[in-house]
Amino acid sequence: QVQLVESGGGLVQAGGSLRLSCEISGRTMSSFAMGWFRQAPGKELEVVAGIDWIGSKTAYADSVKGRFTISRDNAKNTLYLRMNSLKPEDTAVYYCAAKLYGDTYSQRDQYDYWGQGTQVTVSS
């Protein structure tokens, strides 16, 4: 059974940095494309970043490009999202998602597995 667990969220001041982690259990991470999504209060789920199963391609939402970096450590079965220059509008619950042998995707229903989310709050 595949399980994803996010961690690393918290409260940070604008301009600060956080690194989110997503640990995968039940199957080796090397078979999965991975993605990060977020949902802000009163807003719908939006894609943040994705990385294909090979790890050769990444994609980012325009709102985070140049500030966020998605990466993976297959040996540790862990996905990361490094967030720099954080803004109050980055405040949201962040979710990781996985799809076997996938690419980078922008829609929730394109992924097979989801974590429970971790809260990121950026103060002004």
Side-chain angles (χ1 to χ4, degrees):
Q1 181 176 330
V2 176
Q3 185 174 0
L4 281 63
V5 180
E6 303 95 335
S7 63
L11 176 64
V12 64
Q13 291 184 317
S17 299
L18 285 174
R19 188 181 73 165
L20 305 183
S21 299
C22 174
E23 293 185 81
I24 303 172
S25 62
R27 187 165 184 154
T28 177
M29 183 180 175
S30 62
S31 300
F32 291 95
M34 305 293 299
W36 285 101
F37 289 75
R38 68 185 182 185
Q39 187 166 27
K43 296 185 178 180
E44 295 185 352
L45 192 72
E46 65 173 338
V47 66
V48 175
I51 185 167
D52 72 304
W53 77 278
I54 300 174
S56 63
K57 182 171 65 176
T58 59
Y60 298 92
D62 289 341
S63 59
V64 307
K65 187 178 289 291
R67 300 188 298 121
F68 291 11
T69 303
I70 187 171
S71 62
R72 62 195 299 161
D73 187 336
N74 289 343
K76 297 181 179 179
N77 284 334
T78 303
L79 175 76
Y80 301 100
L81 183 69
R82 180 65 181 179
M83 305 184 294
N84 296 324
S85 302
L86 283 163
K87 305 175 181 179
E89 51 263 43
D90 294 319
T91 295
V93 177
Y94 284 72
Y95 301 89
C96 66
K99 182 178 179 63
L100 275 172
Y101 307 115
D103 208 297
T104 56
Y105 305 109
S106 62
Q107 301 298 317
R108 182 186 181 105
D109 59 6
Q110 294 175 298
Y111 287 90
D112 300 314
Y113 306 99
W114 289 82
Q116 289 73 49
T118 185
Q119 176 71 48
V120 172
T121 302
V122 184
S123 62
S124 60

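Just so we're clear, the structure is a prediction, and the values are computed from it rather than from any experiment.
A donor-acceptor pair shorter than 3.5 Å cannot be found between the side chains of Thr78 and Asp73.
Cluster note: Val47 groups with Phe37, Leu45, Val93, Tyr95, Tyr105, Tyr111, Trp114 through ILVMFWY side-chain heavy atoms spaced under 4.5 Å, whether in direct contact or through intervening members. The hydrophobic side chain of Val5 is isolated, with no ILVMFWY side chain under 4.5 Å apart from it. The hydrophobic cluster containing Leu11, built from Ile/Leu/Val/Met/Phe/Trp/Tyr side-chain heavy atoms closer than 4.5 Å, comprises no other residue.
Checked by atom type and distance alone, the side chain of Arg72 pairs as donor or acceptor with a backbone atom of Asp52 at under 3.5 Å. Of the possible donor and acceptor atoms, one in the side chain of Thr91 sits under 3.5 Å from a partner among the backbone N and O of Val122. The backbone N or O of Ile70 sits less than 3.5 Å from a side-chain atom of Tyr60, completing a donor-acceptor pair. A donor-acceptor pair under 3.5 Å is absent between the side-chain atoms of Trp36 and the main chain of Leu20, judged by distance alone. A donor-acceptor distance shorter than 3.5 angstrom exists from the side chain of Thr118 to the backbone of Gly9, with no hydrogens or angles considered.
The two residues Met34 and Ala98 make their nearest non-hydrogen contact at SD-CB, 3.5 Å. Residues Gln116 and Leu4 share a closest heavy-atom pair of OE1-O, 3.5 Å. Summarising the geometry of Val48 relative to Tyr94, their closest heavy-atom pair is CG2-CE2, 4.2 Å, with the distance given to 0.1 Å.
Applying the salt bridge (Lys or Arg N to Asp or Glu O under 4.0 Å) test to residues at least two apart or on different chains, none of the pairs has a partner in residues 14-25. The stretch residues 109-122 participates, sequence neighbours left out, in these salt bridge (Lys or Arg N to Asp or Glu O under 4.0 Å) pairs: Lys99-Asp112.
Applying the salt bridge (Lys or Arg N to Asp or Glu O under 4.0 Å) criterion to Asp90, with sequence neighbours excluded, gives Arg38, Arg67.
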Begin from the C-alpha positions of Ser17 and Asn84 and carry the test side chain to side chain donor-acceptor pair (under 3.5 Å) through to its verdict. CA-CA 4 Å; Ser17 299; Asn84 296 324; 2.9 Å; yes

Hey, mind stepping through Asp103 and Lys57 against side chain to side chain contact (heavy atoms under 4.5 Å, CB included) and telling me if it holds? CA-CA 8 Å; Asp103 208 297; Lys57 182 171 65 176; 2.6 Å; yes

Which is it for Leu18 and Leu86 under the side chain to side chain contact (heavy atoms under 4.5 Å, CB included) test, yes or no, and what are the steps along the way? CA-CA 8 Å; Leu18 285 174; Leu86 283 163; 4.2 Å; yes

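The distance from atom CD of Gln3 to atom CZ of Arg27, rounded to the nearest 0.5 Å, is 16.0 Å.
Leu79 is not listed as a side-chain neighbour of Phe32, based on a closest heavy-atom distance of 4.5 Å or more.
The aromatic rings of Tyr101 and Trp53 lie perpendicular to each other, with more than 60° between the two planes, well past the 30° mark.
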